[in-house]
Amino acid sequence: MRILRLLPLVLACACSVSVERTPPAAPVTPEARVVQAQVDAFNRRDVEAFMATYAPNAIHWEYPADTVWNGASRIRAHYTELFADPDARDLHVDVRERIVKGRFVIDHGFYRGLPGEGEHVSVVIYEVVDGRIRNAWFMN
């Protein structure tokens with residue numbers, strides 16, 4: 001009988017509880033560490049640290065197969081210009097979800113501070129080979 005009297009109180013408390021779901025953390029693998037180092041360097045606008053994560057023959061692709069920048073020197077030139085742009089002083093990406101499958105790391109990111117754009121959502125698939133990013137496919 002006493003339990004029945006407490007039931008409305010228990011139900012009221014349970015209904016007022018807010019539950020926030022967070023995705024499980026992606027595994028921390030050597031590949032994920034390389035990609036995270038690249039993301040951290042991007043957020044600091046540190047072109048040297050950013051490029052240290054890329055293989056010399058790296059390619060940026062616009063998914064599925066259009067080459068955007070072929071080779072580390074082309075990638076460096078683009079990001080050197082972007083990081084130096086005064087309109088990019090608030091440049092930042094928040095990775096909201098990461099999936100790691102072998103040598104592939106898939107990031108779902110929210111970008112802000114890109115010159116001429118508001119918030120930008122992108123999925124990037126990185127292929128990490130021998131500890132460096134070899135390919136990056138951007139789905140914008």
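The residues of the chain are indexed from 1 along the displayed sequence.
- Linking Ile, Leu, Val, Met, Phe, Trp and Tyr residues whenever their side-chain heavy atoms come within less than 4.5 Å leaves Val100 and Val129 in two separate clusters.
- Annotation for Val124 and Ala136: closest pair CG1-CB, 4.3 Å, computed over non-hydrogen atoms.
- With values rounded to the nearest 0.5 angstrom, Arg45 atom CZ is found 11.0 Å from His92 atom NE2.
- Ring geometry for Tyr79 against His60 counts as perpendicular: the plane angle is over 60°, on a 0 to 90° scale with 30° as the lower cut.
- To the nearest 0.5 Å, atom CD of residue Glu127 and atom CZ of residue Arg134 are 7.5 Å apart.
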Start with the C-alpha gap between Tyr126 and Asn135, add the side-chain angles, then the distance that decides, and say whether side chain to side chain contact (heavy atoms under 4.5 Å, CB included) holds.
-> CA-CA 6 Å; Tyr126 299 95; Asn135 288 290; over 6 Å; no

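- With contacts defined as side-chain heavy-atom distances shorter than 4.5 Å, the pair Asp40/Gln36 qualifies.
- Partners of Tyr111 according to the ring pair (Phe, Tyr, Trp, His ring centres under 6.0 Å) rule, which considers only residues two or more places apart in sequence or in another chain, are Phe42.
- Put simply, CZ on Phe83 and CZ on Arg44 are 9.5 Å apart, with the number rounded to the nearest 0.5 Å.
- Counting heavy atoms from C-beta outward, Val28 and Arg33 have side chains that approach closer than 4.5 Å.
- Contact check on Asp107 versus Arg96 returns no salt bridge, with no Lys/Arg side-chain nitrogen under 4.0 Å from an Asp/Glu carboxylate oxygen.
- Judged by distance alone, with hydrogens and angles left aside, the side-chain atoms of Arg132 form a donor-acceptor pair with the main-chain N or O of Ala52 at under 3.5 Å.
- Taking CD from Glu31 and CZ from Phe104, the interatomic distance works out to 10.5 Å, rounded to the nearest 0.5 Å.
- Counting non-hydrogen atoms of neighbouring residues, nucleotides and ligands closer than 6.0 angstrom, the CG atom of Asn140 exceeds 12 such neighbours.
- We find the OG1-CG distance between Thr80 and Asp85 to be 12.5 Å, quoted to the nearest 0.5 Å.
- Salt-bridge annotation for Arg76 and Glu48: present, with a side-chain N of the basic residue lying under 4.0 Å from a carboxylate O of the acidic one.
- A 4.5 Å side-chain heavy-atom check between Ile99 and Val105 finds every atom pair outside the cut-off.
- Within the 4.5 Å cutoff, side-chain heavy atoms of Pro115 are placed close to those of Leu82.
- Ile59 places none of its side-chain heavy atoms less than 4.5 Å from the side chain of Asn57.
- Both Val68 and Val47 sit in one connected hydrophobic cluster of ILVMFWY residues. Membership requires side-chain heavy atoms under 4.5 Å apart, directly or through other members.
- Atom CZ of Phe110 has more than 12 heavy atoms from other residues, nucleotides or ligands within 6.0 Å.
- A distance-only check finds no donor-acceptor pair linking the side chain of Arg74 to the backbone of Gly71 [under 3.5 Å].
- Val35 and Val121 are members of different hydrophobic clusters when ILVMFWY side chains are connected at heavy-atom separations under 4.5 Å.
- With rounding to the nearest 0.5 Å, the separation of CD1 in Ile106 from CZ in Arg98 is 11.0 Å.
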